[in-house]
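All remarks here apply to the structure that follows.
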Amino acid sequence: MKEIPVSEHRRFLSCAESITFCRVFPLSVVEGRQSGCIYTNESESLILIRHKSNFTFMSGDHSEAELREIHELILSESLKFLCQEASIAQKLLQYGDVELVQRDIYSYPHEKAPEIGLPDGFALRRIDEELFSRLTGRVAPSVYWNSYEEYSKNGCGICVMHGNEPVSWAFSSAVSSNEVDIGIETAEAHRHRGLALAAAAALIKDILPEKCPAWTCQRSNLGSARVAERLGFVKRDECILIRKK
C-alpha cells in the first residue's frame, strides 16, 4: 500500500465520514487536527487511516492479499486495527501472532457536565507545556499528540495535582470538528478516590456545548467503564481491536 502525502489528506474526508464507529479518530487525521498517516491501494478503493496513537481504521473493499498486508502492518508497525466485522477479525487472528480485544463505545446524551468536587488537598490545573512533557504512561497526551504545539492548538486537558505532583488527568485523545474523545489516567497510588471522575467532568465542561464528548475503553477496563457511566455516558456500540501479541 502507498502512503498519501499529508497535503492530500483532506480529499479522504468522505472516507473518514463513512466509518461508522469511533469516527473522531480518523476524522482528526483527515481534518489535519492530529498527526497520522493515510495508506491506500493503487486504485484507492481501500483506505487505511492511522492515528498518532496507532489506532487504525479501514474504509472501502479489501482483497485477501490486502488483508494480509494489513496483518503484516499490525506485526511490523504495531498498528492497532479496529473493526466491527467479526469475520475480518477472525481472519486476521487466523494469520497468527495477533490478539483480539473487545472495546466498548460510549456517547454523552446530556447538555451539561456533572458537578464533581475533589477531595481536600487536591486541585485542578490545565495541562500546559510543562505537564504535557511530564505526563507519561499508556494513556498520556504525548501518546496521542505529536507535539505540545499540536495539542495546544487543537486539544485540551485537565490534571489533578497533589501539591506539585500530577496524579490524575483527562485530556482530548482525539478531536474532530464535532467530537472529542476523552482519555483518562490516574497514578496507581491515588486510584479509587474519584480523581479521574473530577478531571473528566471538568474537561466535559470545557468541551460542551461546542462539541460532543466521546468515550471508548477496553471491555476489561472496568474502572474506565465505571467512570464513564458515573459521568453520564451511555454505551451505544462496540468494536474489536486487533493488535500484535
Side-chain angles (χ1 to χ4, degrees), residues 1-107 138-139 143-146 173-176 179 181 183 214-221 224 235-245:
M1 300 184 77
K2 62 182 180 180
E3 184 173 346
I4 300 298
V6 173
S7 60
E8 296 182 34
H9 279 189
R10 284 198 67 88
R11 69 183 178 89
F12 294 93
L13 181 60
S14 62
C15 297
E17 290 174 338
S18 72
I19 296 168
T20 59
F21 66 102
C22 300
R23 190 183 293 122
V24 60
F25 283 92
L27 278 175
S28 71
V29 176
V30 171
E31 292 175 354
R33 301 173 191 274
Q34 285 175 276
S35 297
C37 305
I38 298 178
Y39 308 97
T40 75
N41 58 7
E42 287 302 320
S43 64
E44 296 189 358
S45 60
L46 173 64
I47 315 297
L48 289 183
I49 303 176
R50 176 183 181 180
H51 186 267
K52 163 71 167 64
S53 61
N54 277 341
F55 286 161
T56 303
F57 300 80
M58 179 173 68
S59 174
D61 300 321
H62 64 276
S63 66
E64 176 83 12
E66 287 164 343
L67 198 58
R68 285 191 175 275
E69 191 169 355
I70 291 170
H71 178 260
E72 287 302 317
L73 287 171
I74 294 171
L75 298 183
S76 63
E77 299 195 22
S78 299
L79 293 192
K80 299 174 181 177
F81 182 76
L82 293 107
C83 69
Q84 291 185 305
E85 297 85 354
S87 59
I88 292 176
Q90 287 300 319
K91 182 70 73 172
L92 290 168
L93 184 64
Q94 289 171 14
Y95 295 157
D97 299 318
V98 300
E99 61 182 354
L100 309 186
V101 180
Q102 299 292 326
R103 292 182 66 85
D104 290 329
I105 302 167
Y106 295 81
S107 61
R138 292 188 302 108
V139 186
V143 175
Y144 293 81
W145 296 88
N146 196 48
S173 52
V175 176
S176 70
E179 260 189 316
D181 186 86
W215 192 286
T216 60
C217 63
Q218 291 186 22
R219 186 165 299 163
S220 61
N221 190 344
S224 181
K235 181 185 171 183
R236 65 172 176 83
D237 211 344
E238 57 190 46
C239 64
I240 306 166
L241 182 146
I242 301 97
R243 66 187 181 192
K244 183 179 179 180
K245 280 185 177 178

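Just so you know, these numbers come straight off a predicted model, no measurement behind them.
- The backbone N or O of Ser63 lies less than 3.5 Å from a partner atom in the side chain of Glu66, making a donor-acceptor pair.
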Please list, one pair per line, the donor and acceptor atoms closer than 3.5 Å that link side chains of residues 26-34 to other protein atoms, with sequence neighbours excluded.
unit_1: Ser28; atom_1: OG; unit_2: Phe25; atom_2: O; d: 2.7
unit_1: Ser28; atom_1: OG; unit_2: Gln34; atom_2: OE1; d: 3.4
unit_1: Glu31; atom_1: OE1; unit_2: Arg33; atom_2: NE; d: 2.7
unit_1: Glu31; atom_1: OE1; unit_2: Ser177; atom_2: N; d: 2.9
unit_1: Glu31; atom_1: OE2; unit_2: Ser177; atom_2: OG; d: 3.3
unit_1: Gln34; atom_1: OE1; unit_2: His51; atom_2: NE2; d: 3.4
unit_1: Gln34; atom_1: OE1; unit_2: Val175; atom_2: N; d: 3.0
unit_1: Gln34; atom_1: NE2; unit_2: His51; atom_2: NE2; d: 3.2
unit_1: Gln34; atom_1: NE2; unit_2: Tyr144; atom_2: O; d: 3.1
unit_1: Gln34; atom_1: NE2; unit_2: Ser173; atom_2: O; d: 3.1

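- Expressed to the nearest 0.5 Å, how far CZ of Phe81 lies from NE2 of His71 amounts to 11.5 Å.
- Of the inter-residue distances, the one linking Cys239 atom SG with Phe55 atom CZ reads 8.5 Å to the nearest 0.5 angstrom.
- The minimum heavy-atom distance between Ile88 and Met58, with the atom names listed, is CD1-CE, 3.7 Å.
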List the atom pairs, with distances to 0.1 Å, where a side-chain N or O of residues 15-22 and a protein N or O form a donor-acceptor pair under 3.5 Å, not counting sequence neighbours.
unit_1: Ser18; atom_1: OG; unit_2: Cys15; atom_2: O; d: 2.6
unit_1: Ser18; atom_1: OG; unit_2: Ser59; atom_2: OG; d: 3.2
unit_1: Thr20; atom_1: OG1; unit_2: Gln84; atom_2: OE1; d: 3.3

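- Between the OH atom of Tyr39 and the CG atom of Leu46 there is a distance of 13.0 Å, given to the nearest 0.5 Å.
- Among residues two or more places apart in sequence or in another chain, the side-chain hydrogen bond (donor to acceptor under 3.5 Å, both in side chains) test is passed with Ser224 by Trp215.
- Partners of Arg23 under the side-chain hydrogen bond (donor to acceptor under 3.5 Å, both in side chains) rule, at least two apart in sequence or in another chain, do not exist in this structure.
- At least one side-chain heavy atom of Thr40 sits less than 4.5 Å from a side-chain heavy atom of Phe12.
- Of all heavy-atom pairs spanning Lys2 and Glu42, the tightest one is NZ-O, 3.9 Å.
- Proximity of Lys91 to Glu64: side-chain heavy atoms (C-beta onward) are separated by under 4.5 Å at one or more points.
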Which donor-acceptor pairs under 3.5 Å do the side chains of residues 96-105 make with protein atoms, sequence neighbours left out?
unit_1: Glu99; atom_1: OE2; unit_2: Arg243; atom_2: NE; d: 2.7
unit_1: Glu99; atom_1: OE2; unit_2: Arg243; atom_2: NH2; d: 3.1
unit_1: Arg103; atom_1: NH2; unit_2: Thr216; atom_2: OG1; d: 3.1
unit_1: Asp104; atom_1: OD1; unit_2: Arg219; atom_2: NE; d: 3.1
unit_1: Asp104; atom_1: OD1; unit_2: Arg219; atom_2: NH2; d: 2.8
unit_1: Asp104; atom_1: OD1; unit_2: Lys235; atom_2: NZ; d: 3.2
unit_1: Asp104; atom_1: OD2; unit_2: Arg219; atom_2: NE; d: 3.3

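- Pairs engaging residues 45-61 under the salt bridge (charged side-chain N to carboxylate O under 4.0 Å, His left out) rule: Arg50-Glu77 [sequence neighbours left out].
- Interatomic distance, NZ of Lys80 versus CG of Leu241, reported as 7.0 Å (0.5 Å rounding).
- Looking at every heavy atom in both residues, Cys83 comes nearest to Ile242 through SG-CD1, 3.8 Å.
- Looking at heavy atoms from C-beta onward, Leu48 lies in side-chain contact with Leu73 at the 4.5 angstrom threshold.
- Expressed to the nearest 0.5 Å, how far OG1 of Thr56 lies from CG of Leu82 amounts to 7.5 Å.
- In this structure, Tyr95 OH and Ile74 CD1 are separated by 10.5 Å, a value rounded to the nearest 0.5 Å.
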For Glu44 and Ile4, run side chain to side chain contact (heavy atoms under 4.5 Å, CB included): C-alpha distance rounded to whole Å, both residues' side-chain angles, the deciding distance at 0.1 Å, then the answer. CA-CA 10 Å; Glu44 296 189 358; Ile4 300 298; 4.1 Å; yes
